[in-house]
Amino acid sequence: MKRYGHSGLPRRAVIQGMAASFTLSLMPRASAGLEAALQARFGDRRPDTGGVELEVSSLVENGNSVAVTVRADPSQPSPSALHLFMPRNPEPWGTSFHIQPPALAEFSTRIRLSGSQDLMALAEWSDGRLGATAVSVMVTLGACADDLYGEF
Amino acid sequence: MSLSARVRIPTEARAGEVIEIRTLVSHPMETGFRVDSFGRRVPRKILTRFSCHYDGREIVSMDLRPGIAANPYVAFRFVADVSGAIELRWEGDEGEVLIERSHLEVIRA
Amino acid sequence: MKCWLLLLLLATCCAGADQPDRRSGYSLLGPDLRALQDDDFANPGMLWVDRGERLWNAASGPNQQSCRDCHGDPVNLRDLANRLPRFDATTNRLDNLDMLIRQCRTQRQQAEALTHESEDLLALTTLVAHQSRGLPLEVVVDGPASTAFEQGRASFERRRGQLDLSCADCHEKLRGARLRGETISAGMVNGFPLYRLTWEGLGSRQRMIRWCNEAVRAKPMDPESQRALALELYLAWRSRGLALEAPAVRR
């Protein structure tokens, strides 16, 4: 089951609305870690809603390796960078992906999630504008003592 | 495990064709946040940067942080416009560098 | 009529006892992890297969011999990993894939020994097991192997550790039940060596046995002991008929 953030579907308005409510209502109570990470990378600039899609499973079996795809909205001019934040990780900044033509504004990778959280993808345009989307991901707990660490 | 890469890079494309590069590298991406069974912090050891040069141009570069899963997987796409060398490069925080080279031949229709 | 029903019931019970729910752990994976295992490029276990191929061709020891010099292409060992562990009547002991490769390394190549669960050994075992992908697990448990097999079965059923649990308690009697966010597996071993996300790396059957022992707070077994190999033989027999998946991906 894949969940999409902002998309170009007819439901776009609804989804944008949902994303907007995230931006407005959830951002302020997002972790201090995320706020600091955004501040460090973007200064006082804050993202508008949309312009980027985040594809990730909504239910994750193990937080050690989670497939994600981030892509810019193809109907807009290509951004110069895509960013991914995992607000509840010890380090919220996940990755930044810098793009020059003829590369497409899209990448896939696998990330770590230290628990259920709202992932945030951002697109950054060369004029300084930012666009964001967020997707809620639930990470389930494994059986037994999966925090065992060492030689076993 | 020692640093090594699996890469999938097409060697031929039509002009204007969108092609995909897939990469997988053996690396623990030790976060620096974990402690061992004696309570000692395991020092951070991660790859910090991945980049792709195509015909001399850096078309993609990526900052890798501890939130990237062990044995990092990265895939991206670009438009094949000219024949040229492709160089993929990974850099680690201990100064290690891994480079994979390939050539893309672009066929004009 | 009653007689028939009784017979039918009896047959069902017997079949149930003798035929555990032999479903690969693959069936318990979600779509993302299934896709990861099925993707021969992105499956992280393939990094070890690659490394194994390099080691396979690398000359070592005083005679500068490689695996290839004797065995040719790795595919020549296709019908091996699915039949291990096996009892060697001449040495009167069980061997698993790790031990066969280690013996080959020290006795034939006369090269430096590969340590248990080292990345080099895992690379070679994964390369060889990968050749058997798709073949059914099929171990010999009768004849001279029968004593070890019965030891393995007893070990599987013996309670151990501070949690006082046997392998059978979870993987036989409670298989399919939920434990936190997971479904308890049937303890099938057809995926090994496999890439486990919990480990962020590859591990052998013996590493999994050690991990399980640790999880029930039991003293781990020496992975090269005949006791540990007898348990591995029993586990392989329980998994009989399942297609080998190495390198599988598991949580």
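Reminder, nothing fancy here: chain letters follow the sequence lines and each chain counts from 1. All of these numbers come straight from a predicted model, not from anything done at the bench.
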Please look at [X] and chain A and tell me whether the side chain, the backbone, both or neither of the residue comes under 4.5 angstrom of a heavy atom of that chain.
| X | answer |
| --- | --- |
| B:Phe38 | neither |
| B:Phe33 | side chain |
| B:Ala70 | both |

| task | Determine, stepwise, if the pair A:Thr69 / A:Phe107 fulfils side chain to side chain contact (heavy atoms under 4.5 Å, CB included). | result | CA-CA 6 Å; A:Thr69 296; A:Phe107 72 94; over 6 Å; no

| query | Distance only, no hydrogens: is a donor on one side chain within 3.5 Å (strictly under) of an acceptor on the other, for A:Gln39 and A:Arg45? | reply |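 Checked: A:Gln39/A:Arg45 side chains show no N/O donor-acceptor pair below 3.5 Å.
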
| query | Any side-chain donor-acceptor pair under 3.5 Å between A:Ser65 and A:Arg110? | reply |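 There is such a pair between these side chains.
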
| field | Top contributor to chain A contacts, counting heavy-atom pairs under 4.5 Å, from B:Met29, B:Glu58, B:Glu20, B:Arg22 | value |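 Heavy-atom pair counts peak at B:Met29.
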
| message | Under the criterion side-chain hydrogen bond (donor to acceptor under 3.5 Å, both in side chains), I'd like the reasoning laid out for B:Asp63 against A:His98: C-alpha separation, chi angles, the key distance, then a yes or no. | response | CA-CA 8 Å; B:Asp63 303 300; A:His98 308 274; 2.9 Å; yes

| field | Note: B:Glu105-B:Arg14 ion pair, threshold 4.0 Å (strictly below) | value |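 So B:Glu105 does not pair with B:Arg14 through a salt bridge.
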
| said: Quick check on A:Pro101 against chain B: is it the side chain, the backbone, both or neither that has a heavy atom closer than 4.5 Å? | reply: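 Contact with chain B involves the backbone of A:Pro101 alone.
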
